[in-house]
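In what follows, a single structure is set out as structure tokens and then discussed.
None of the values given here were measured: they were computed from a predicted structure. Throughout, a chain's letter reflects where its sequence line sits, starting with A, and its residues are numbered from 1.
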Number of protein chains: 2
Amino acid sequence: MSTMQDVALRAKVSITTVSRVINNSPHRVNRVTRERVLKTIKEMDFRPNALAQGLITKRTMTVGVIIPDISNPYYAEIVRGIQDRADDEGYAVILQNTDRKLERIIQHIHLFREKRADGIIFSGGIIHGYEPLSALRELSQRIVVIGRHEVDFPAVRVDNIGGATLAIQHLVDLGHQRICFINGPEMSTSSIDRLQGFKNALAQNGIPFEDRMVKRGNLTPESGYQAGRELLEMPDRPTAVFASNDLMAFGAIHAAGDLGLSVPGDLAMVGFDNIQLSSYFNPTLTTVEIPMYNLGTAAMKMIVNMASDNSFDRYQWFKPRLLIRHSTQNKVSRE
Amino acid sequence: MSTMQDVALRAKVSITTVSRVINNSPHRVNRVTRERVLKTIKEMDFRPNALAQGLITKRTMTVGVIIPDISNPYYAEIVRGIQDRADDEGYAVILQNTDRKLERIIQHIHLFREKRADGIIFSGGIIHGYEPLSALRELSQRIVVIGRHEVDFPAVRVDNIGGATLAIQHLVDLGHQRICFINGPEMSTSSIDRLQGFKNALAQNGIPFEDRMVKRGNLTPESGYQAGRELLEMPDRPTAVFASNDLMAFGAIHAAGDLGLSVPGDLAMVGFDNIQLSSYFNPTLTTVEIPMYNLGTAAMKMIVNMASDNSFDRYQWFKPRLLIRHSTQNKVSRE
DNA sequence: TCAAATATGGAAAACGTTTTCCCCCAAATT
DNA sequence: AATTTGGGGGAAAACGTTTTCCATATTTGA
């Protein structure tokens, strides 16, 4: 690759001038010189070395994104939002999957420190257990989390408790009393909140909560299938199941089918997230919509604002919405 | 952030020694000195500046990935494969979406050049229309494409033609004669090949091909729904539909439902890719499996080999496999 | 005992930019 | 005529590493 030196030589100017042209700096450069340089740059197909630039300007125009798993459509959609916004702002996005493993989270944070990422967007799970003060202080100036976190970082959030409450209330309104919950991983704050909403709604409706009404999954359809199967094989089979995400809901619906139960005929099902396919699944899935794409763009915008010393709201909230579809179509006759 | 200079000062050694410790260079450094330096590094929570490192070593341990759209599970799975392998090898992954827009492809390639990415993995669509020789020459030493491409880059490939043939043969064997195809975007080489396989299989079975049997979608469920609807409303309704990917197959199944047709009762459906949800969809989807995750890991491995001057196979092939599920369960009675 | 080898460490150049000074010259002002 | 102004340009330091030489002290070998 050619360097500014090469360009300068060929255009018979100094490196300084080339730099001025590239960044069209306030220091004026003569029109004909500028054009000569520009032409040379084009001829040589010169591109400035971002490493050298970053080294000296202390800005890399790079943000790191840490998520549990890109093959989960929920995160994929968030990432899409982040990227689109990043593209607009001239930022590049480095993506890292953690599978919610603490050591990978830490490792990735260090990587972003080494690469001098201008910002870090963190979603899913909790960072804890390793926090040298220096790292944390430094991070707090450039990190945004999507969702809830123990440490008080700037955040983009959704009211998961409220969303879950909406879902359960909907089921109760349909006459359901035996409602089960398919929980997410222990480390997922979203799932913790959704469980909380589930409990709240039951309490509000005077329905007693029992531990056996909750099974844990890991947000995959497989785990939803497994959990669904266990729940549906209980002697007092639930009439409705609420899953902590759509993927598990799909798995549970499949389990119902394998057990000869139809949804919504024999069983109502509600998911969470509203991933793209939930309106195409058969039956179409009643679910709580999370504006994933917007979470992504909002987080990225926050990073940009932080980096440019703009003022910005430290917290931004999004409201979930209940989308009623076919999977909760049947009313239940009161017993 | 502290620098090697800071560490050196505190540990009472030279920068050189700190560097030697970090890279545990062959040039030996005394055990007690090493430990002192290590301790200081830990105390100061020092991390080497990757920009400075990259500037001088000419290796950034970064690969760029260019895909049409991360929210398509097909690409998400590929990316997951790339990332897992990249993680193992110590590489970071910068991800870019193109929506198959040429100008974005070009823009992203330039970005990767500026950031001095050690390698670029390209999937989906075709690069053409902008190719200064210098860029191309330089790229050919560090680019790997997943799929087919006009330019002869090292590649990881799948036999899409063969896969499509498998699918159609399966339908023909079930007695289907009126088979339609939902095509992908114009620029998708995969879809072009899948269409080719479709035509080949028809020809092999003496079934005439007509243009109206093919509708174009853009790989989303929405477009599959639309295409499916059009196909199913034709007077001589097809008995089977083959979609260029699973997402569109889901859409088409949904369209069938809206028209009062059941799958597989009234209509057989075959997809392509085998994304995670196709075995959970209702009905479960017969599809041609692409080992997406492995495509990703293979591509990344190829990049690593290229970067380290290892010998490597310039082309690597994967075989697709037909997975027969419920969406093609019913036999058709010959007319 | 002396030369040669080895172990350990440092100084300084280099990577490719941005940015701060500084300089020169022509035009404008006094 | 002398001074100021401002347009246009360059030299050199700085960013934080790696790497090449070189230096010194200690061991080893004969």
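Side chain of Asp313(B) to main chain of Gln316(B): no donor-acceptor pair is present (N/O by atom type, distance under 3.5 Å, no hydrogens or angles). No side-chain donor-acceptor contact under 3.5 Å links Asn218(A) to the backbone of Pro185(A). Put simply, the side chain of Thr40(A) gets close to the backbone of Arg36(A): a donor and an acceptor are under 3.5 Å apart.
Between Lys58(A) and dG16(D), a side-chain N or O to OP1/OP2 separation shorter than 4.0 Å is present. Residue Arg28(A) places no side-chain N or O under 4.0 Å from the OP1 or OP2 atom of dG7(D).
When distances are taken from the side chain of Ser14(B) to each of dG16(D), dG9(C), dG10(C), the shortest belongs to dG10(C).
Straight-line distance from the CE atom of Met44(A) to the P atom of dG16(C): 13 Å, rounded to whole Å. One atom, CG of Asn30(A), and another, C1' of dG10(D), lie 15 Å apart when rounded to the nearest Å. Taking atom CZ of Arg31(A) as the reference point, atom P of dG9(D) lies 12 Å away to the nearest angstrom. Per the geometry, CG belonging to Asp6(B) stands 8 Å off P belonging to dG16(D), to the nearest Å. For the pair Glu114(B) CD and dC15(C) P, the interatomic distance rounds to 20 Å; values are reported in whole Å.
Counting non-hydrogen atoms under 4.0 angstrom, Thr33(A) reaches the backbone sugars and phosphates but no base.
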Cut-off 3.5 Å, no hydrogens considered: what does the side-chain donor-acceptor table look like for residues 78-94 of chain B, sequence neighbours left out?
from     : atom 1 : to        : atom 2 : distance (Å)
Arg80(B) : NE     : Asp69(A)  : OD1    : 2.8
Arg80(B) : NH1    : Asp84(B)  : OD1    : 2.4
Arg80(B) : NH1    : Asp84(B)  : OD2    : 3.0
Arg80(B) : NH2    : Asp99(A)  : OD1    : 2.3
Arg80(B) : NH2    : Asp99(A)  : OD2    : 2.9
Asp84(B) : OD2    : Tyr293(B) : OH     : 2.5
Arg85(B) : NE     : Glu89(B)  : OE2    : 3.4
Arg85(B) : NH2    : Glu89(B)  : OE2    : 3.0
Asp87(B) : OD2    : Arg104(A) : NH2    : 2.7
Asp87(B) : OD2    : His108(A) : NE2    : 3.3
Tyr91(B) : OH     : Arg59(B)  : NH2    : 2.8

Intermediate values then yes/no, salt bridge (charged side-chain N to carboxylate O under 4.0 Å, His left out), Asp118(A) and Lys58(A): CA-CA 9 Å; Asp118(A) 292 336; Lys58(A) 270 113 169 52; over 6 Å; no

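Contact check for Val65(A) versus Phe122(A): no side-chain heavy atoms found under the 4.5 Å cut-off.
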Sub-3.5 Å pairs of nitrogen or oxygen atoms, protein against nucleotides 17-23 of chain C:
from    : atom 1 : to       : atom 2 : distance (Å)
dT17(C) : OP1    : Asn49(A) : N      : 3.3
dT17(C) : OP2    : Met4(A)  : N      : 2.8
dT18(C) : OP1    : Asn23(A) : OD1    : 3.3
dT18(C) : OP1    : Asn23(A) : ND2    : 3.1
dT18(C) : OP1    : Gln53(A) : OE1    : 3.1
dT18(C) : OP2    : Ser19(A) : OG     : 2.7
dT18(C) : OP2    : Asn23(A) : ND2    : 3.4

Got a list of protein N/O to nucleotides 27-29 of chain D N/O distances below 3.5 Å?
none

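Classification of Glu35(B) and Lys39(B) as a salt-bridged pair fails, no side-chain N sitting under 4.0 Å from a carboxylate O. Classification of Glu186(B) and Arg100(B) as a salt-bridged pair fails, no side-chain N sitting under 4.0 Å from a carboxylate O.
Between the side chains of Asn23(B) and Ser25(B), no donor-acceptor pair is found at a separation under 3.5 Å.
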